[in-house]
There are 2 protein chains.
Amino acid sequence: MATTFPETTRIVPGAAKAAKPQMRTAERRTAILEAATAVFGARGYNSGSLVEIAEQVGMTHAGILHHFGSKEQLLLAVLAHRDEADLERLDEHQSPVGAAYLDHLVHTAQYSAERVAIIKTYAVLSAESVTGNHPAQEFFRDRFAGMRSRVATDLGLAVGADADDPRVVTAASAIVAATDGLQVQWLLDPVHVDMPSTVQLVIDAIVENLRRTVDAQQ
Amino acid sequence: MATTFPETTRIVPGAAKAAKPQMRTAERRTAILEAATAVFGARGYNSGSLVEIAEQVGMTHAGILHHFGSKEQLLLAVLAHRDEADLERLDEHQSPVGAAYLDHLVHTAQYSAERVAIIKTYAVLSAESVTGNHPAQEFFRDRFAGMRSRVATDLGLAVGADADDPRVVTAASAIVAATDGLQVQWLLDPVHVDMPSTVQLVIDAIVENLRRTVDAQQ
DNA sequence: GTCTATATCGTGATAGAC
DNA sequence: GTCTATCACGATATAGAC
């Protein structure tokens, strides 16, 4: 009776097990990713430990290694995960372009003030990544290159110049740099540093300056 | 015979030993400090090890602890040592003020390009210092506050405004931030980032912008 | 002043029970 | 899928010989 259709009885619970735990696995993975984001932000990658991450999510460090294989792969997953979340948020705002995107950067600075953990993670990890053969080195090199070109594009639109104009490229690099540098200052001394207004000042100053030199050329 | 004047024989070599080794001790200490600067820059504080520093200077890690007591005190000594060197260099240039100091910042960016190790040390350690109870946290908080006020002073002189004018203070924070943020970008991608010209652009843009708003007020 | 030796701890990772 | 147990390794720091 019970053995009448052994294949089905084996297959059906097997399928159920493959479905259910995989759902829970996905949840578990994101829980781990969030805990890892917090720990890497609070301690850096090198001294942030799997044990501490495991404690936050209520398991042992062996469990984490089961899901991600190694600490290094966990770090890369954390970074990729944050980028996905960012893209989703950008989609919500319907990807502003030109001057609107620059305003968006200021808005991001405000939004970020409420999410210290993520800011801290990126500030700490991006600087740590310049050290000898850090696992996130390529990630951050690509990320900065991407941000520079993104800002250059919208800066070009805003002031009426080519995105590959050297002045525009340099200006884009400067805006990205100021934003990141501010985050470190703000994390160390939130009372004396106001991110949104300072980002605003930098963008205003650079856009004005750029408009003038571009107009003078024509 | 040999014990005729034990006090003198004990005292004289004692005095010689107190003088000579102390000279060598000072040299040894600075050698350790330089090695530590390189290692902390290349690996960060947390994963830079005393053993690696010791190897670079040709001794064991126990010797380093003899000189500095603990790894933490060594770090603070490294930071203090660099600041002394900076002050000396600033004295050589006879402490420029006002617009001249802002030019000096650009010059510093050029000079720094030749000294990757030190730049890296500061970029890595300043970001690492925002992590939970890092030993250098207070050092960097004070350092950033000092740089902001220094830049604000000379910015005020350059554009004819008070150093405590909110716009000047914000602008100073922005210049410091851009400089630091650029260092990380440059360390990751020296080919695509030119520090001196970008610092120059930021300063020019901000000084112009500031002059305009200050003049408009009067 | 520098060494060797050792204590103590924490790390990432693996193996295997359940 | 998560656990316990264990491994191999490297860290800071201390004690004491020389």
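Every chain is numbered from 1 and lettered A, B, ... according to where its sequence line falls, protein lines coming before strand lines. We use all heavy atoms of the structure for the numbers below, so side chains are in, but hydrogens, waters and symmetry mates are not.
- A/Q200 CD to A/Q110 CD: the interatomic distance, rounded to the nearest 0.5 Å, is 8.5 Å.
- The line from CG of B/L79 to CD of B/E84 is 11.5 Å long, rounded to the nearest 0.5 Å.
- The neighbour count for A/E138 CD, taken as heavy atoms of other residues, nucleotides or ligands under 6.0 Å away, does not exceed 12.
- In this structure, B/L76 and B/A136 approach most closely via the heavy-atom pair CD2-CA, 4.5 Å.
- Side chain of B/L65, nearest nucleotide from D/dT14, D/dT2, C/dT14: D/dT14.
- For residues 40-50 of chain A, proximity to DNA chain C is found at A/G48, A/S49, A/L50, defined as any non-hydrogen atom under 4.0 angstrom from a strand atom.
- A/L74 contributes atom CG, which lies 5.0 Å from atom CD1 of A/I53 (distance to the nearest 0.5 angstrom).
- Between B/N46 atom CG and A/T131 atom OG1 the span is 11.0 Å, to the nearest 0.5 Å.
- Atoms NE2 (B/H66) and C1' (D/dA17) sit 15 Å apart, rounded to a whole Å.
- Note on residues 177-189 of chain A: pairs passing salt bridge (charged side-chain N to carboxylate O under 4.0 Å, His left out), not counting sequence neighbours, are A/D189-B/R148.
- Summarising the geometry of A/V124 relative to A/G41, their closest heavy-atom pair is CG2-O, 3.8 Å, with the distance given to 0.1 Å.
- What separates CD of A/E52 from C1' of C/dG12 is a distance of 15 Å, to the nearest Å.
- To the nearest 0.5 Å, atom CZ of residue B/R167 and atom CG of residue A/L201 are 10.0 Å apart.
- Side-chain contact between A/I118 and A/R82 is present, with heavy atoms from C-beta onward closer than 4.5 Å.
- With A/L102 as the fixed residue, the side chain to side chain contact (heavy atoms under 4.5 Å, CB included) test singles out one of A/L155, A/D204, A/V199: A/L155.
- For the atom pair CG of A/L188 and CD of B/Q137, the computed distance is 6.0 Å after rounding to the nearest 0.5 Å.
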Return the polar atom pairs (N/O with N/O) between nucleotides 3-5 of chain D and the protein under 3.5 Å, or none.
unit_1, atom_1, unit_2, atom_2, d
D/dC3, OP2, A/T60, N, 2.7
D/dC3, OP2, A/T60, OG1, 3.1

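- Applying a 4.0 Å cut-off to non-hydrogen atoms, the residues of residues 67-78 of chain A that approach DNA chain C are A/S70, A/K71, listed by residue number.
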For this session: Would you sketch DNA chain C in dot-bracket for me? Only Watson-Crick or G-U wobble pairs with both distances under 3.5 Å count, crossing pairs as [ ], other-strand pairs as |, the rest as dots.
Result: ||||||||||||||||||

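- Note on residues 26-64 of chain B: pairs passing ring pair (Phe, Tyr, Trp, His ring centres under 6.0 Å), not counting sequence neighbours, are B/F40-B/Y45, B/Y45-B/H134.
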